[in-house]
Amino acid sequence: ACILFIVILFMKDKSRFEKAEAEKLRKIDEAKTKLFTNVSHEFRTPLTVINGMAEQMEKHPEKWMETGPEKIKTQSQILLRLVNQMLHIAKIEADEMPLNLIQGDIRKFVYYLSESFQSLAENMGIELIVSRQKEAIFTDYDPDKLMHIISNLLSNALKFTPAGGCVYVDVDNAIEEKKEVVKITVRDTGRGIPTESVEKIFERFYQVPDKNDQTPGTGLGLALTFELIKLMKGDIRVNSEKGKGTEFTVLLPVNV
Ligand code: ATP
Ligand code: MG
């Protein structure tokens with residue numbers, strides 16, 4: 001009876017394990033299908049526009065020759081950006097994205113990156129305020145990846161802030177869990193993110209639903225930002241209130 005009892009227990013455990021494995025596989029499969037659907041969907045709009053434009057140019061070359069090429073260019077750029085972002089994410093996931101570290105003043109580099117958004121902000125009627133502190137923060141960092149992170153956060157802040165608003169950038173050092181970190185903050189006074197959406201914004205293709213939203217984008221920027229920060233052994237936090245604004249804080253380890 002004892003042996004029989006042990007055998008039954010063992011069988012039960014095995015079947016529970018198999019069920020969990022099957023469930024895991026089902027979830028992966030579901031995620032893949034969702035990704036596939038999203039990708040197809042994102043490709044369809046620009047391709048339809050390109051196709052339509054080419055047809056128009058064929059039928060009425062005199063009418064469309066002027067505006068057609070520009071529209072085709074814009075849509076192909078959207079497609080190219082999408083493909084590049086996806087390849088970037090895939091590369092990080094496959095562990096094929098090495099960190100190319102240089103040593104330098106990370107604060108100065110972030111200021112320099114932020115300043116390059118100054119004319120865009122001005123054109124959009126938004127005040128971009130980069131707080132200047134003189135003291136350098138020396139550490140190892142990957143300039144190319146940091147550029148992607150800052151560009152993603154800043155372009156979001158500008159995109160989701162109406163004219164007349166402000167975007168602030170700040171770089172500071174701090175101690176987190178007894179370790180020295182550099183804290184990069186990008187804050188805006190824009191439309192904010194509803195509480196129920198905050199935890200989803202780092203998911204691929206997620207965009208906060210908005211009835212009359214014409215904002216361009218595919219919902220990949222923050223997913224890529226998240227992966228890049230993970231690669232740098234850092235962390236990202238978000239603090240937002242609908243209608244009031246959003247604050248992203250990136251924490252990166254300081255190692256010099
Ligand atoms: P992409 O970056 O691929 O061009 P996107 O900007 O829509 O497209 P993400 O950068 O991943 O995508 O952001 C996901 C979503 O999070 C956005 O669509 C928007 O709804 C919300 N979001 C991100 N940043 C902000 C912000 N600063 N203020 C308000 N909402 C934001
Ligand atoms: Mg974005």
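Quick caveat, the model's predicted, so the values are computed rather than measured. Each ligand, and each atom within it, is numbered from 1 in the order the structure gives.
Ring geometry, Phe202 versus Phe226: the interplanar angle falls from 30° to 60°, so the pair is classed tilted.
When atom types are taken as modelled, the side chain of Arg204 and the backbone of Ala223 share no donor-acceptor pair closer than 3.5 angstrom.
Checked against a 3.5 angstrom limit, the closest N/O atoms of Gly221 and ligand 1 fall inside it. Below 3.5 Å of separation, one finds an N or O of Lys159 facing an N or O of ligand 1. For ligand 1, the polar-atom distance check finds an N/O of Leu220 within less than 3.5 Å of one of the ligand's N/O atoms.
When the heavy-atom distances from atom 7 (O) of ligand 1 to Glu203, Arg191, Gln207 are ranked, the shortest goes to Gln207. Between the choices Ile193, Leu222, Val167, Leu82, the shortest heavy-atom distance to atom 9 (P) of ligand 1 belongs to Leu222.
Which parts of ligand 1 touch Arg81 is read off a 4.0 Å heavy-atom cut-off, strictly below it: atoms 1 (P), 2 (O), 3 (O), 4 (O). Against a heavy-atom cut-off of under 4.0 Å, Gln85 is close to the following atoms of ligand 1: 3 (O). Annotation for ligand 1: atoms under 4.0 Å from non-hydrogen atoms of Tyr206 are 14 (C), 15 (C). Every atom of ligand 1 with a heavy atom of Gly217 under 4.0 Å away is listed here by number and element: 4 (O), 8 (O).
With salt bridges taken as basic N to acidic carboxylate O contacts below 4.0 Å, one links Glu115 and Arg132.
Under the 4.0 angstrom criterion for non-hydrogen atoms, Gly192 is in contact with ligand 1. Using a 4.0 Å cutoff on heavy atoms, Asn152 does not count as a contact of ligand 1.
For the Mg ion (ligand 2), protein N/O/S neighbours under 2.8 Å (waters excluded) are Asn156 OD1.
Here the side chains of His88 and Leu220 are not in contact, with every heavy-atom distance at 4.5 Å or above. Under the 4.5 Å side-chain criterion, counting only non-hydrogen atoms from C-beta, Asp210 is not in contact with Phe160. Phe43 is listed as a side-chain neighbour of Val83, based on a closest heavy-atom distance under 4.5 Å. Between Asp235 and Val181 the shortest side-chain heavy-atom distance does not fall below 4.5 Å. In this structure, the side chains of Ile106 and Leu252 come closer than 4.5 Å at one or more pairs of heavy atoms. Annotation: side chain of Met97 is in contact with side chain of Lys145 (closest heavy-atom distance under 4.5 Å).
When heavy-atom distances to ligand 1 are checked against a 4.0 Å cut-off, Leu153 has no atom that comes that close, whether in backbone or side chain. Neither the backbone nor the side chain of Phe202 has a heavy atom within less than 4.0 Å of ligand 1. Contacts with ligand 1 closer than 4.0 Å are made by heavy atoms of both the backbone and the side chain of Val208. At a 4.0 Å heavy-atom cut-off, ligand 1 touches Thr246 through the side chain alone.
Exactly one of Lys32, Arg26, Lys27, Lys34 qualifies for a salt bridge (Lys or Arg N to Asp or Glu O under 4.0 Å) with Glu30. That residue is Arg26.
For the pair Thr189 and Gly165, the tightest heavy-atom approach, listed with the atom from each and the gap, is OG1-CA, 3.4 Å.
How far CG of Asp105 is from CD of Glu135: 10.0 Å, rounded to the nearest 0.5 Å.
With Tyr168 as the aromatic partner, Arg187 meets the cation-pi criteria of under 6.0 angstrom to the ring centre and within 45 degrees of the ring axis.
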